[in-house]
Enquirer: 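What follows is a structure written as structure tokens; I'll ask about it next.
These numbers were taken from a predicted model, which means no experiment stands behind them. All values below come from the heavy atoms of this structure, side chains included, with hydrogens, waters and symmetry mates left out.
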Amino acid sequence: MYAARVPRRPDRFHRRAKEEGLRARSAFKLEEIQRRFHLLRSGGRVLDLGAAPGGFCQIAARAVGARGFVLGIDLERLAPLPPPIETWVADAFAPELLERLRAVGPFDAVLSDLAPKTSGIRAADEARSLELANRALTLSLQVLKPAGALVVKVFMGGDFETFLCDARRRFSQVKVVRPEASVARGSKEVYLVCRGPRPEGESAPRGDGSGDGSTGGNVGS
């Protein structure tokens, strides 16, 4: 968990999460992405970066089932979750992390809900957010299967368009999605849904229309 948690008034997603035994309202962001794109499949292997408190892990575990595997990584220890979920206390930037991940990978999907602790300085917060998103992008390209997918949170502003272009160079298909649970909070966050990592050294063809830059709630549906 990189972001400081600020108490907010419970909304319908918060109430639903509590009713369904989910650890965070953010679980519904991944649930919507899964419903629209079917990225996670039975028996799949999933890496969740910035996993605390565990909502994404819970949704991923539902999708992959008992034959699958979900690895949640965070700077803070997560309260125990049942199989097929395993959790590590680790820093996404730790030099030894890639070797550890390769030992248990490759993965069918990488999820990143990483977010920085906010400083109140907009430019600095946007830069740190993109630094985390870039780390997720870099790691995913080294641990994903050839037909794998990346779902990564990014905040609009700053160098977002540069990051989007980079993602399009690295993946054959990129969609920008703003889940309803994000819209409900008025958040500037969006998720890039990236599929088909390109082989190292291969760039996107000229005029590639692999992504839609719009951030409306129905993008990529």
Side-chain angles (χ1 to χ4, degrees), residues 13 16-17 20-74 78 80-88 92 97-98 100-114 133 136-154 167-168 170-182 190-199 202 210-212 217-221:
F13 291 104
R16 276 186 60 196
E20 296 182 25
L22 295 170
R23 291 189 174 180
R25 69 185 297 285
S26 58
F28 296 110
K29 301 171 189 179
L30 180 59
E31 182 185 66
E32 179 181 334
I33 290 170
Q34 170 65 4
R35 184 174 67 250
R36 291 164 61 178
F37 297 97
H38 308 287
L39 301 174
L40 313 178
R41 301 184 183 278
S42 178
R45 300 178 68 80
V46 180
L47 171 62
D48 181 10
L49 300 171
F56 270 30
C57 285
Q58 290 176 296
I59 296 298
R62 288 181 183 179
V64 303
R67 295 187 299 108
F69 175 65
V70 178
L71 175 59
I73 294 177
D74 202 279
L78 277 74
L81 287 161
I85 301 170
E86 179 179 324
T87 61
W88 295 354
L97 180 60
L98 178 58
R100 293 182 65 192
L101 291 175
R102 283 175 168 166
V104 297
F107 296 91
D108 298 283
V110 173
L111 314 173
S112 174
D113 206 33
L114 291 168
L137 177 63
T138 299
L139 276 177
S140 72
L141 291 166
Q142 297 177 83
V143 301
L144 278 174
K145 295 179 181 179
L150 166 68
V151 176
V152 55
K153 177 165 71 178
V154 191
R168 287 174 174 167
R170 306 293 189 89
F171 285 84
S172 59
Q173 184 183 82
V174 177
K175 299 290 185 180
V176 183
V177 181
R178 194 173 180 214
E180 188 179 355
S182 297
V190 296
Y191 290 81
L192 300 194
V193 178
C194 312
R195 293 170 124 164
R198 300 184 191 276
E202 178 185 312
S210 61
D212 185 336
N218 294 324
V219 173
S221 58

Enquirer: Which heavy atom of C194 sits nearest a heavy atom of A167, and at what distance?
Expert: SG-CB, 4.3 Å
Enquirer: State which residues pass side chain to side chain donor-acceptor pair (under 3.5 Å) with R67; sequence neighbours excluded, sorted by chain then number.
Expert: S42
Enquirer: Is there a side chain to side chain contact (heavy atoms under 4.5 Å, CB included) between L39 and L111? Walk through the geometry before answering.
Expert: CA-CA 10 Å; L39 301 174; L111 314 173; 5.9 Å; no
Enquirer: Which word best sums up how the rings of Y191 and F56 line up, parallel for under 30°, tilted for 30 to 60°, or perpendicular for over 60°?
Expert: tilted
Enquirer: Quick one: does R170's side chain get under 4.5 Å of L141's, heavy atoms only?
Expert: yes
Enquirer: Using every non-hydrogen atom in the two residues, find where L144 and A149 come nearest and quote the distance to one decimal.
Expert: CD2-O, 3.5 Å
Enquirer: Measure the spacing between CG of D48 and OG1 of T87 and express it to the nearest 0.5 Å.
Expert: 10.5 Å
Enquirer: Kindly give the heavy-atom pair with the smallest separation between P197 and P146, and that separation in Å.
Expert: CD-O, 3.4 Å
Enquirer: Hey, are the side chains of V177 and R36 touching, using non-hydrogen atoms and a 4.5 Å cut-off?
Expert: yes
Enquirer: Going through the checks in order, is the side chain to side chain contact (heavy atoms under 4.5 Å, CB included) test met by L98 and L139?
Expert: CA-CA 7 Å; L98 178 58; L139 276 177; 4.3 Å; yes
Enquirer: CD1/I73 to OG/S112 distance, rounded to the nearest 0.5 angstrom?
Expert: 10.5 Å
Enquirer: Please test L192 against L150 for side chain to side chain contact (heavy atoms under 4.5 Å, CB included), starting from the C-alpha separation and ending with a verdict.
Expert: CA-CA 8 Å; L192 300 194; L150 166 68; over 6 Å; no
Enquirer: Looking at every heavy atom in both P84 and G68, which two are closest together, and how far apart are they?
Expert: CB-O, 3.2 Å
Enquirer: Rounded to the nearest 0.5 Å, what separation is found between the CG atom of L137 and the CD atom of Q142?
Expert: 10.0 Å
Enquirer: Minimum heavy-atom separation for V46 to A60, with atom names?
Expert: CG1-CB, 4.2 Å
Enquirer: With a 4.5 Å cut-off on side-chain heavy atoms, are F107 and L71 touching?
Expert: yes
Enquirer: Closest approach of V152 and A136, non-hydrogen atoms and distance?
Expert: CG2-CB, 4.1 Å
Enquirer: Without swapping roles, check the side chain of S172 against the backbone of R195 for a donor-acceptor pair under 3.5 Å.
Expert: yes
Enquirer: Quick one: does D108's side chain get under 4.5 Å of V64's, heavy atoms only?
Expert: no
Enquirer: Side chain to side chain contact (heavy atoms under 4.5 Å, CB included), that's the test. Do E86 and W88 meet it? Break it down for me.
Expert: CA-CA 7 Å; E86 179 179 324; W88 295 354; 2.8 Å; yes
Enquirer: Give a yes or no answer on whether the side chain of R62 reaches the backbone of E31 with a donor-acceptor pair at less than 3.5 Å.
Expert: no
Enquirer: For the side chain of E32 and the backbone of E180, is there at least one donor-acceptor N/O pair under 3.5 Å apart?
Expert: yes
Enquirer: Check whether any side-chain heavy atom of V104 sits under 4.5 Å from a side-chain heavy atom of L47, and report yes or no.
Expert: no
Enquirer: Distance check, rounded to the nearest 0.5 Å: R41 atom CZ versus Q34 atom CD?
Expert: 8.0 Å
